[in-house]
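The structure under discussion appears below in the form of structure tokens.
Any value given below was found using the heavy atoms of this structure, including those in side chains, with hydrogens, waters and symmetry copies removed. Quick note on labels: first sequence line is chain A, next is B, and so on, each numbered from 1.
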Protein chains: 4
Amino acid sequence: MPKTSQNTSQTTSRRTGGRRPADREPRQAAVSAAPERRQELLAVAAEVFAAHGYNATTVRRIADEAGLLAGSLYYHFDSKESMVDEILATFLDELWAGYDAVLAAGLGPRETIEALVTESFRQIDRHRAAVAIYQKESRHLAAHPRFGYLTESQRKFEAAWLGTLERGVSDGTFRADLDTRLIYRFVRDTVWVAASWYRPGGRHSPEEVARQYLSMVLDGIALRE
Amino acid sequence: MPKTSQNTSQTTSRRTGGRRPADREPRQAAVSAAPERRQELLAVAAEVFAAHGYNATTVRRIADEAGLLAGSLYYHFDSKESMVDEILATFLDELWAGYDAVLAAGLGPRETIEALVTESFRQIDRHRAAVAIYQKESRHLAAHPRFGYLTESQRKFEAAWLGTLERGVSDGTFRADLDTRLIYRFVRDTVWVAASWYRPGGRHSPEEVARQYLSMVLDGIALRE
Amino acid sequence: MPKTSQNTSQTTSRRTGGRRPADREPRQAAVSAAPERRQELLAVAAEVFAAHGYNATTVRRIADEAGLLAGSLYYHFDSKESMVDEILATFLDELWAGYDAVLAAGLGPRETIEALVTESFRQIDRHRAAVAIYQKESRHLAAHPRFGYLTESQRKFEAAWLGTLERGVSDGTFRADLDTRLIYRFVRDTVWVAASWYRPGGRHSPEEVARQYLSMVLDGIALRE
Amino acid sequence: MPKTSQNTSQTTSRRTGGRRPADREPRQAAVSAAPERRQELLAVAAEVFAAHGYNATTVRRIADEAGLLAGSLYYHFDSKESMVDEILATFLDELWAGYDAVLAAGLGPRETIEALVTESFRQIDRHRAAVAIYQKESRHLAAHPRFGYLTESQRKFEAAWLGTLERGVSDGTFRADLDTRLIYRFVRDTVWVAASWYRPGGRHSPEEVARQYLSMVLDGIALRE
DNA sequence: CATGAATGAGCATTCATTCAT
DNA sequence: GATGAATGAATGCTCATTCAT
């Protein structure tokens, strides 16, 4: 789950050079013309994309769900593609804001992993739909140059997690008898697939889910005698 | 990953009443008109479905890859749908043959889990494409009545795993301080998502991957002092 | 290039009964709400229509070029159609003012042709965009009853030119060994297509271009010995 | 009216590297699968394009006129664009086959012009629709890289005609008192616009029209005393 | 068994136009 | 006078499927 620049946190200026925002919306809108509508529509779109998949989601369906006609969506967005784009980019921006804070905190490997997992579940809680989309679609979206930032994020993501795990193996925090890449995939998948069943407002808070997941991941499910 | 009847193991007569096989192909006509061709085509289809997703896969693409024209596929199969159907059904049949054997062996909770996980990785090894398809598409395919057996299999799957886990919690094999459903999801996802990155013939054999996964799942990744 | 009534020269009251002007704008309301703005917008529209064709020109494009939003154009004009209408009508009015003056002057065939050609190049110079639009679009616009005046103008145009040519053939001014209709088309096309490459302010003044064209048309390009 | 390679005369191997033909049609068709249908459809398309303009022509319209459904056209062609492409390219290929033969014949300036004009009217006779399309659409089609060959052809066309004219001015065949570019445009337009009114099988054969046009162009329409 | 050609329903997108503010 | 948001009809194109040969 990558991003282009990790230090900046503005919502749109990174990736593709921030050229899109100038295209349509804020013509001379200094005070801004109504970004809420855009957000509403994106929220609806994200939900539908997550439920049915990007390809299987028709623009009509999104429009229906949002209460307008299909064509009207094109007043707000350039294309169906640019909707997922904005959904994913917004999510990744926020994710990396959190991750970067964690990584900059100078914690030990175990604490870093704990913080990353907790942050991940918080993101799943806030951006469930976006995470689900990311899980299902990022692979083939990444094929388009427009979504290059997905690959970029993936790279950074792997570096952060794998690096922390290796650091932990070196200093004796984590077991050395396992293939580190296997551990990485295990932890990564374990955390993110949760988006497919997690429902915000359910039995457990994201922090609680994180706590139990961490407990399983770190200490296993077998009882120690 | 469920099936309708676990005791029978014939390749096609179970599920949804076994009505489909009568549709087109010459049943299992003694000598038969080349059932290998059918399998070849299904293998190609499975690969393409796995790589691009069911919806995104065009019948033409499958045909291209198989070296014939799109229309010609309809000599062998009723529809695109019936292709996934057969792919998934075949996979689930084999999966449940294995699972049922394990479940019938009367092992303890830990050994049962170990055997199930190992069997799962063997299936991933043999049916990588089918497993990947199952992961990505089963949710929305299950909406059609034709794929009722997917839901059915899911139910059986959950019963088997969750039952074993609960048995293990009761008898002190597994930790009691965790939400059992959370453990279930954790183990389930952990195992099956592997299909998304596992490549047969890679660094580790399925048994080796299973061993390491089991080790992580059971004992965690943290070093015990 | 015809018009309905050649004797009147007011800017809008002829054609299709002059019903449109009453539609929206404050007629020619004494002080009026800035008719210059209207002209500005029409000039922009004409330019865009000429450059990209009527159909291919979107209302948005015109608006962009004029610095307002697409919808805002509808304060000034009823429709895209009424923009071309006004552009073409204005041009034809002026063209016929010139032509009618020439035709009323009682010149001989050769002098009439010379004057018509010169007048035509003057119009191309003044209304380049309108002429280009007329060339490209009049055929299919004429299908709509609203643009009946185009057909009407065509008829008058042919009558004027063909009549003059025939008069010249009769009195020995022009060659008699050629199909008169062929001569007509030759002269007509020759003159008007110039709008597609002529750029006001270029190497030659319209009068100079007219002079050379006339020289070619009347005496040919071959050197006489 | 240009072409990429003037020496070869095969119908499709030049331009865009000849990659398109491999795309769809001749799969393994050695003997060829049915190029007649393709030609029929192209003829219909050309007619409609010529009558209503490329943009204004809907794929539905072409299909209607050809007696099939819009989608079915896509079995034969990649896109609406590739239809015009093929129409124009075929025409230009044939045009240049003729032009090149003329230019290679080593005739004097006057005879060359005569031959080019005659050849042009023959092309107008054979490819009326294509010529009309070329006249109306080449300017904006040439914007797409795919239609680069249009610009290329234009360049060659100008070189051939302008060169011949200049040769004629030098050797005293043509008048020296006129702007050569003006002569060029005059002749060029004069000839090609004829496509907008010429109807094959009409009063005059192409050769007869050519003869009269040449007579006007070379010697003018004024009677010499 | 396979091809070639066609169908028809559906999809993303465009665009002239409307209208409340 | 102009904006922002929406409409609705149309457009180019895709695709699973059919079927005569």
Side-chain angles (χ1 to χ4, degrees), chain A residues 24-29 32-34 37-38 41 55-63 66-83, chain B residues 33-34 37-38 41 55-63 66-83, chain C residues 33-34 37-38 41 55-63 66-83, chain D residues 24-25 27-29 33-34 37-38 41 55-63 66-83:
Chain A
R24 162 144 280 160
E25 208 200 4
R27 300 213 177 244
Q28 60 268 73
S32 167
R37 188 73 178 117
R38 199 184 180 77
L41 295 174
N55 277 315
T57 296
T58 74
V59 161
R60 224 95 99 188
R61 179 71 185 269
I62 298 174
L68 40 65
L69 288 181
S72 307
L73 281 175
Y74 288 80
Y75 179 78
H76 302 276
F77 305 97
D78 285 351
S79 61
K80 186 182 160 185
E81 209 183 65
S82 74
M83 292 188 225
Chain B
R37 186 77 177 116
R38 195 185 183 78
L41 295 173
N55 277 315
T57 295
T58 71
V59 163
R60 176 132 78 197
R61 178 72 185 267
I62 298 173
L68 38 66
L69 287 182
S72 309
L73 279 174
Y74 287 80
Y75 177 81
H76 300 277
F77 306 98
D78 284 352
S79 62
K80 185 182 162 185
E81 211 182 63
S82 73
M83 291 187 227
Chain C
R37 186 76 176 116
R38 194 184 184 75
L41 295 174
N55 276 314
T57 296
T58 73
V59 164
R60 175 133 79 200
R61 177 73 185 267
I62 299 173
L68 38 66
L69 287 183
S72 308
L73 279 174
Y74 287 79
Y75 177 82
H76 301 277
F77 305 97
D78 284 352
S79 62
K80 184 182 162 185
E81 210 181 64
S82 73
M83 291 187 227
Chain D
R24 163 144 281 160
E25 212 201 359
R27 299 215 179 245
Q28 59 269 68
R37 188 74 177 117
R38 199 183 180 79
L41 295 174
N55 277 315
T57 296
T58 73
V59 160
R60 233 95 103 181
R61 178 72 184 269
I62 298 174
L68 41 67
L69 288 180
S72 307
L73 281 174
Y74 288 81
Y75 178 77
H76 302 275
F77 306 98
D78 285 350
S79 62
K80 184 181 161 185
E81 211 182 64
S82 74
M83 291 188 225

Canonical and wobble pairing (Watson-Crick, G-U, under 3.5 Å) of DNA chain E, dot-bracket with |: .||||||||||||||||||||

Think B:His76 has a side-chain N or O under 4.0 angstrom from the OP1 or OP2 of E:dA2?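 Yes, because at least one side-chain N or O of B:His76 sits under 4.0 Å from OP1 or OP2 of E:dA2.
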
Would you say C:Arg37 reaches F:dA2's phosphate, i.e. side-chain N/O to OP1/OP2 under 4.0 Å?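 True: C:Arg37 side-chain N/O within range (under 4.0 Å) of F:dA2 OP1/OP2.
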
Counterpart residues, side chain to side chain contact (heavy atoms under 4.5 Å, CB included), relative to D:Ala70 (two or more places apart):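 Result, side chain to side chain contact (heavy atoms under 4.5 Å, CB included) vs D:Ala70: D:Val59, D:Arg60, D:Ala63.
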
Nearest heavy atoms of [X] and [Y], plus distance in Å:
X	Y	answer
C:Tyr74	C:Lys80	OH-N, 4.3 Å
A:Asp78	A:Ser82	N-OG, 3.4 Å
B:Arg38	B:His76	NH1-O, 2.9 Å

Value in whole Å for how far the [atom2] atom of [N] lies from [atom1] of [X]:
X	N	atom1	atom2	value
C:Phe77	E:dT18	CZ	P	15 Å
D:Tyr75	E:dG4	OH	P	5 Å
A:Leu41	F:dA5	CG	P	10 Å
A:Arg38	F:dA6	CZ	C1'	16 Å

State the CD1-CZ distance between B:Ile62 and B:Phe77, to the nearest 0.5 angstrom.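 Answer for the CD1-CZ pair, B:Ile62 versus B:Phe77, is 9.0 Å.
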
Do any N or O atoms of the protein come closer than 3.5 Å to N or O atoms of nucleotides 13-16 of chain F, and which pairs are they?
residue, atom, partner, partner atom, Å
F:dC13, OP2, D:Tyr74, OH, 2.4
F:dC13, OP2, D:Lys80, N, 2.8
F:dC13, O5', D:Tyr74, OH, 3.1
F:dC13, N4, D:Arg60, NH1, 3.1
F:dA16, OP1, B:Thr57, O, 3.2
F:dA16, OP1, B:Lys80, NZ, 3.1
F:dA16, OP2, B:Val59, N, 2.7

Check every strand shown and say whether A:Leu69 touches a base, only sugar-phosphate, or nothing at a heavy-atom separation below 4.0 Å.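 Result for A:Leu69 = base.
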
Take B:Leu73 and D:Gly67, find for each the nucleotide of DNA chain E with the closest heavy atom, and name the residue whose nucleotide sits nearer the 5' end.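 Comparing both residues, the 5'-ward one is B:Leu73.
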
If the C1' atom of E:dC1 is compared with that of F:dT21, how far apart are they to the nearest Å?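 That atom pair is separated by 13 Å.
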
